[in-house]
Amino acid sequence: MAIRPSPSRPRRLLAVLAGIAILVTPAPARAADTNLAAGKAFTASSSTDVYQPGKAGDGDANTYWESANNAFPQWLQVDLGSAVTVDKAVLKLPPATAWATRTQTLAIAGSTDGSSFTDLKSSAGYTFNPASGNTVTVDLPSATTRYLRLSFTANTGWPAGQLGELEVYGTSTPPPTDPPPTGINLATGKPIEASSTAYSFAATNANDGNVATYWEGSAYPANLTVKLGADAVTKAVVVKLNPDPIWAARTQTFSILGRASNASTFTTLVDSAPYRFDPATGNTVTVAVSATVADVRLSFTANTGAPSGQVAEFQVIGTPVPEPETSDLVGAASWSPGNPATGDAVTFSVSLRNAGNIATASGAHDVTVTILNGSTTVRTLTGSYTGTLAPGASAPPIALGTWTAATGRYTVRTVIADDPGELADRRANNTTETPLLVGRGANMPYDSYEAEDGQLGGGAQVVGPNRTIGDLAGEASSRRAVTLNQTGAYVQWTTKAKTNTLVARFSIPDGTTSSINVYVDGALNRTLPLTSKYAWLYGDEANPQNSGTGARHIYDEANIMLTGTVNAGSTIRLQKDGGNPGPIAIDFVNTEQVAPIANPDPAKYVVPSGFDQQAVQAALDTARMDTGKAGVYLPAGDYRTTGKFQVFGRAIQVVGAGPWYTRFATPADQTETDAGFSAGSGAGGSAFRNFAFFGNYTIRRDGPGKVFDFSNIADITIDNIWAEHVVCLYWGANTDRMTISNSRIRDTFADGVNMTNGSTDNHVVNNEARSTGDDSFALFSAIDAGGADETGNVYENLSAILTWRAAGVAVYGGYNNKFRNIYIADTLVYSGITISSLDFGIPMNGFGADPPTVFDNITIVRAGGHFWGAQTFPGIWVFSASKVFQGIRVSNVDIIDPTYSGIMFQTNYVGGQPQFPIKDTTFTNVTITGAQRSGDAYDAKSGFAIWANPMPEAGQGPAVGEVTFTNLKLANNYRDIEDPTTTFTIHRN
């Protein structure tokens with residue numbers, strides 16, 4: 001009986017010598033002694049179980065290929081990479097004596113193109129005997145070939161073809177280090193992503209044109225995917241490592257997968273196989289790949305030289321597919337008002353554009369807009385445009401009608417009827433979906449899913465609620481989170497809309513890194529890396545440090561592009577598997593469907609030559625000096641920045657491909673790098689749009705760290721920006737008529753947006769700030785750096801959540817400023833809104849009386865905390881201090897479940913005497929519910945809906961002045977109104 005041993009292999013001892021560079025220079029070898037098949041791609045007509053064709057070329061005769069059983073004839077083939085002269089083949093089976101002597105009948109043929117083969121050796125029987133090492137040498141007539149195929153027709157020892165190693169010898173020249181000349185490298189500078197990354201060896205290093213930089217994965221399988229942007233006909237994939245001899249030879253095992261632009265999944269283009277990288281031959285592997293794809297992926301499963309896959313340059317050689325002749329109707333719905341309130345009559349229209357390269361038909365183009373609440377249709381509106389649209393042309397806006405808004409989150413689905421000239425893959429563009437928020441806060445393009453509202457399994461547990469600083473529940477949204485502390489624990493949600501992205505708010509122990517696996521409908525989609533680097537502060541609440549006792553700021557966020565689009569109704573699961581170390585807490589996730597934004601006009605926008613500081617600054621300078629240019633377009637990619645970009649001289653547009661695609665980052669191996677944008681003289685009128693900025697701050701540093709640090713300038717637009725791990729998104733001193741819109745501000749160490757020193761007529765609209773380390777949105781009427789009163793500013797349609805130090809919204813002085821349509825939740829230590837005339841020892845103007853400072857249409861949930869020792873803070877803090885306090889108008893406010901009190905009135909004292917009283921202050925249509933005793937160390941200062949504070953801190957005194965409430969509604973409070981003072985009067989109409 002024949003015995004088939006298990007495919008075991010001897011263990012190898014790998015020594016890692018830290019700090020010692022060892023240069024090994026191999027002795028030169030004659031060409032005839034070089035195995036031309038080493039590291040090359042092996043394929044076969046079939047295989048059985050784990051006995052794949054690559055086993056015949058992995059350099060270990062103990063592992064082997066085996067064909068399907070009882071199914072002769074079968075073949076095994078090696079692609080030598082290029083045409084070479086061969087004259088000998090060495091065939092090996094595992095040398096163990098358990099492999100009884102057997103004779104295999106086979107023929108050997110060669111081919112230069114992989115399809116037409118010529119016999120090099122006729123079919124014959126070859127005996128494999130353990131006594132002679134189970135090795136057979138076959139002399140071949142000298143022939144030039146690229147593909148060598150062994151065709152098996154019989155085996156006396158097993159009913160299948162079997163081979164442990166195929167070695168091929170002859171004459172070879174070193175493979176070319178440049179791409180083959182039959183196409184162009186389509187991958188340079190294109191969006192590239194990895195399933196995992198080790199340290200700072202990012203995916204973008206693998207197509208930056210520099211073999212001295214490289215990507216390295218952190219786990220298997222390690223996928224590296226380049227997105228070509230459109231279908232292309234590929235000829236070859238070239239994978240390079242640094243040719244420096246210090247990179248010792250290694251064998252990497254990977255497969256090549258591809259996805260066409262109209263496909264949702266990847267297919268295998270080249271089966272997994274081992275490939276040898278050797279500095280002596282350029283450390284380059286070229287694999288023939290013939291396919292039409294838009295995305296190309298390398299999937300690594302082994303590397304003899306490192307713990308995961310490594311690539312210095314990933315090249316895809318081929319030619320773009322010519323754009324097919326097609327029309328392409330794209331519709332975008334819009335509505336007015338843009339952020340409607342409940343009861344508003346919302347008017348809808350659709351802009352219709354032909355994004356194709358041929359004209360549309362001349363008939364009617366019907367348009368349908370459906371307003372959905374989940375899967376329920378709320379309203380359907382229809383319209384039509386009749387006429388031909390030339391390529392690139394747009395129709396006049398199509399009016400569709402109105403809808404009376406009701407509070408909630410909706411999806412606006414726009415469907416354009418198919419045009420006869422549209423190809424099938426373009427008709428997918430005819431349907432678009434946009435989120436619509438009716439209510440208070442920002443209308444952002446992503447859906448949120450709280451962890452505690454998900455489905456739990458595998459030992460996952462909900463923690464909370466509580467409001468304890470430094471606690472997983474206390475610092476979480478809604479004061480609850482989910483812990484995944486054992487292998488197999490998970491939380492999952494059903495998607496409300498399609499998505500190709502994921503953001504997770506998480507907490508892991510300080511000083512650790514981990515990851516969480518992302519499953520879609522039960523299949524592993526991506527692994528999301530997690531780090532504690534930007535979280536965890538300790539000690540003094542006013543000046544916390546990176547170590548010590550008394551933890552706070554324990555959460556951070558991580559984001560990733562998913563593989564493919566996840567449709568609505570799918571299940572997204574975050575699961576802690578064996579490769580995800582340590583305890584993990586999940587607060588919530590965001591999902592969002594995104595696509596890159598194209599260059600608005602290639603003729604007028606300069607594109608940087610690279611992705612570093614110098615390349616971007618050079619592009620900014622070129623655009624500034626060429627008045628024929630509108631600005632700079634930043635294509636998708638990861639941009640490394642180490643300082644401030646300078647914009648000056650004239651107004652220019654700085655436009656990215658979207659915050660998921662154009663992403664600036666400061667060096668990962670540094671901290672507290674001051675980078676961002678400075679706008680100098682003449683830059684008024686500039687705009688910054690559609691990109692992300694990820695800093696490396698781990699602690700607050702006053703002064704630097706602001707992405708946009710502007711002064712004495714006007715008329716600048718900041719739109720659709722994502723800022724994270726910085727000190728501030730924006731700090732403006734004496735800046736006028738600025739617009740900051742549609743931006744996401746996360747995990748900062750100070751304010752999100754702060755206008756100061758005479759900044760006037762600014763518009764801060766539709767932004768979300770979460771986990772800011774000072775006031776999320778602030779207006780400070782200081783005059784130390786120029787300017788006069790803060791006036792004419794409008795802050796509206798804003799969300800401020802999880803502020804971990806200071807307030808969601810704060811205003812210090814000024815007049816004629818408006819704060820409206822705002823949602824604030826879960827402040828950790830401070831008020832939801834601060835209205836204060838404290839000058840902090842800085843020259844400042846107090847509040848003007850007319851026009852007043854207005855707060856309107858605001859919701860404040862679970863706000864307040866304790867800070868500055870034993871002082872407790874409310875939903876709204878009214879603080880008269882070192883400057884005049886007057887002209888305050890607050891209306892249409894709901895304060896829900898405050899931590900200590902709903903509204904607190906306080907006055908500052910100096911030398912035992914009050915400074916300025918509270919006067920000319922009114923509240924109208926205010927509702928406060930759920931102000932209950934806290935049950936903590938500050939219980940005596942809690943449970944009040946309205947509180948005139950008699951003694952906030954030692955050395956202070958009772959509130960002074962008066963306030964008027966009209967239509968005040970109070971419910972479920974421990975005490976509705978608490979005023980033990982004789983110095984403050986509450987009037988209630």
Side-chain angles (χ1 to χ4, degrees), residues 12 14-17 21-26 29 34-41 54 57-59 79-82 172-180 185 187-190 192-226 236-256 270 272-289 296-317 638:
R12 298 185 178 185
L14 301 178
V16 179
L17 304 179
I22 300 176
L23 179 61
V24 179
T25 304
T34 300
N35 174 16
L36 304 178
K40 298 303 192 296
D58 63 0
D79 177 1
L80 301 175
S82 61
S172 173
T173 57
T177 57
D178 294 323
N185 178 16
T188 298
K190 296 296 175 59
I192 189 168
E193 60 186 29
S195 58
S196 63
T197 299
Y199 306 107
S200 60
F201 305 121
T204 49
N205 291 343
N207 68 339
D208 61 359
N210 182 7
V211 293
T213 64
Y214 66 98
W215 161 78
E216 183 173 323
S218 63
Y220 288 122
N223 296 331
L224 183 65
T225 306
V226 64
V237 165
V238 180
V239 182
K240 297 184 177 184
L241 293 179
N242 191 331
D244 191 312
I246 199 169
W247 279 73
R250 65 201 66 206
T251 296
Q252 298 197 74
T253 302
F254 59 85
S255 58
I256 303 176
V270 178
S272 180
Y275 298 93
R276 182 173 175 79
F277 292 80
D278 191 335
T281 54
N283 246 352
T284 297
V285 167
T286 300
V287 183
V289 180
V296 182
R297 171 176 294 168
L298 305 177
S299 185
F300 292 81
T301 56
N303 183 351
T304 62
S308 188
Q310 295 171 306
V311 177
E313 283 299 300
F314 177 10
Q315 299 179 340
V316 179
I317 309 304
D638 292 335

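One is the number of the first residue; the rest follow in order along the sequence.
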If you round to the nearest 0.5 Å, how far is [atom2] of [Y] from [atom1] of [X]?
X	Y	atom1	atom2	value
Thr204	Lys190	OG1	NZ	15.5 Å
Leu224	Glu216	CG	CD	12.0 Å
Gln252	Gln310	CD	CD	5.5 Å
Thr284	Leu241	OG1	CG	8.0 Å
Trp215	Asn205	CH2	CG	11.5 Å
Thr251	Tyr275	OG1	OH	12.0 Å

Shortest non-hydrogen contact between [X] and [Y], atoms and distance:
X	Y	value
Asp58	Pro274	CA-CG, 3.7 Å
Leu36	Leu80	O-CD2, 3.6 Å
Ala312	Val211	CB-O, 3.5 Å
Trp247	Pro279	O-CG, 2.7 Å
Ala222	Gly309	CB-N, 4.2 Å
Arg297	Thr225	NE-OG1, 2.8 Å

Kindly indicate, with the supporting measurements, whether the criterion side-chain contact (heavy atoms from CB on, under 4.5 Å) is fulfilled by Leu298 and Ile256.
CA-CA 5 Å; Leu298 305 177; Ile256 303 176; 3.9 Å; yes
Within the side chain of [X], is there an N or O that forms a donor-acceptor pair under 3.5 Å with the backbone of [Y]?
X	Y	answer
Thr197	Ala202	no
Asp278	Ala249	no
Glu313	Gly209	yes
Asn303	Ser308	yes
Asn185	Val316	yes

Per the ring-ring contact (aromatic ring centres under 6.0 Å, His included) rule, which among Phe314, Tyr220, Phe254 passes with Phe300?
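The single option meeting the ring-ring contact (aromatic ring centres under 6.0 Å, His included) with Phe300 is Phe254.
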Test side-chain contact (heavy atoms from CB on, under 4.5 Å) on Asp79 and Val270 and set out the steps.
CA-CA 11 Å; Asp79 177 1; Val270 178; over 6 Å; no
Could you walk me through whether Ile317 and Val238 satisfy the side-chain contact (heavy atoms from CB on, under 4.5 Å) test, starting with their C-alpha distance in whole Å, then the side-chain angles of each, then the deciding distance to 0.1 Å, before giving a yes or no?
CA-CA 8 Å; Ile317 309 304; Val238 180; 4.0 Å; yes
